[in-house]
Amino acid sequence: MKAIVRSVPDSFVDCITNAADGHTIDVALARRQHAAYVTALEQLGLDIVRVSADEQHPDCVFTEDCAIVVDGAAIACTMANSPGRAGEQGPVLEALGLPVRPLAAPAAIDGGDVLQWRDRIHIGQSTRTNGAAVEQLQALLPDKDIVPVPVDGPLHLKTCTTIAGDLILHTGHVDLGLLPDLPSYQVPAAEAHGANCITIGDTVLLPDDCPHTAARLAQQGLEVVPVPMSEFRKADGSLTCLSIIY
Ligand code: CIR
């Protein structure tokens, strides 16, 4: 398994953000946190593919938004509703080294809105991702069930729900009935960001300040690896955003 990651540019301080503390990003600390994240993935046996930072794109560290990998091909995300981010995709697609299938206007989609589960692909309908993207994906992937999921509030679908054995979610933003048919665990409000985690085998990468969520995952027999995320959260980013794993 591989992970595509991209270095943190100096311009990260100018990222798009709605976070109240967005202007306090410490780039040096973000780089240390990014290194810890990459090490955690490496220790799980992933091959790390590194893309260099692009100062013209302050949010380029969030590679997840650039592309979706389905059945050995990359689908290039348009990022049309992410101001200034379209243009990040090129080097990421090149690093993926897979055949590329494009989407076209009027499709708008960020990879953070894509939750794959078996043959279903859930597509968040957030401010970043629209119905045209759902239609084009269904046409490109006739064997998959493409399920639109309205997202109320969070930046992306995966900001508030991912899969770690069970469905793990921060409640109130999506209709549970549209999500994978799995038992669900609702993270406490103070650990909303714990709803975005990365599961590799029996190990889960989780933000390092989610004790209740960590205990619940451990109870299920999962090994929890805590990862510091404060500086990326100030940029409205979460764990999955920092890589494409395939
Ligand atoms: C943005 O607003 O586009 C970035 N500051 C954060 C992107 C986070 N990506 C993700 O959730 N997949």
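Reckoned from all heavy atoms, side chains included, excluding hydrogens, waters and symmetry mates. All ligand and atom numbering here is 1-based and tracks the order in the structure.
- The backbone N or O of E231 sits less than 3.5 Å from a side-chain atom of Q33, completing a donor-acceptor pair.
- Close approach of ligand 1 to E64 (heavy-atom distance below 4.0 Å) involves ligand atoms 10 (C), 12 (N).
- Near R128, the atoms of ligand 1 lying under 4.0 angstrom from a non-hydrogen atom of the residue are 1 (C), 2 (O), 3 (O).
- Residue L29 holds its CG atom at 8.5 Å from CZ of F232, rounded to the nearest 0.5 Å.
- Using a 30° and 60° split on the angle between ring planes, H170 and H173 fall in the tilted class, from 30° to 60°.
- Considering backbone and side-chain N/O of D65, one or more are found under 3.5 Å from N/O of ligand 1.
- Under 4.0 angstrom from ligand 1, the non-hydrogen atoms of R85 all belong to its side chain.
- Ligand 1 places these atoms under 4.0 Å from at least one heavy atom of A235: 4 (C), 5 (N), 6 (C).
- The main-chain N or O of S11 is found under 3.5 Å from a side-chain atom of E55 such that the two form a donor-acceptor pair.
- No side-chain heavy atom of E135 sits less than 4.5 Å from a side-chain heavy atom of I146.
- From L179, atom CG reaches atom CG of L157 across 6.5 Å, with rounding to the nearest 0.5 Å.
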For this session: Please lay out, stage by stage, how R85 and D65 fare under the test salt bridge (Lys or Arg N to Asp or Glu O under 4.0 Å).
Result: CA-CA 9 Å; R85 293 198 60 192; D65 293 318; 2.8 Å; yes
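- Considering both main-chain and side-chain atoms, T17 never comes within under 3.5 Å of ligand 1 through any nitrogen or oxygen pair.
- Both the backbone and the side chain of C241 come within 4.0 Å of ligand 1, judged by heavy-atom distances.
- For ligand 1 and G112, the ligand atoms under 4.0 Å from any heavy atom of the residue are 12 (N).
- In this structure, atom 4 (C) of ligand 1 lies nearest to the protein heavy atom D59 OD1, 3.2 Å.
- Interface atoms of ligand 1 facing D236, defined by a heavy-atom separation under 4.0 Å, are 6 (C), 8 (C).
- The backbone and the side chain of I16 each have at least one atom closer than 4.0 Å to an atom of ligand 1 (non-hydrogen atoms only).
- In this structure, a donor-acceptor pair under 3.5 Å is present between the side chains of H122 and R120.
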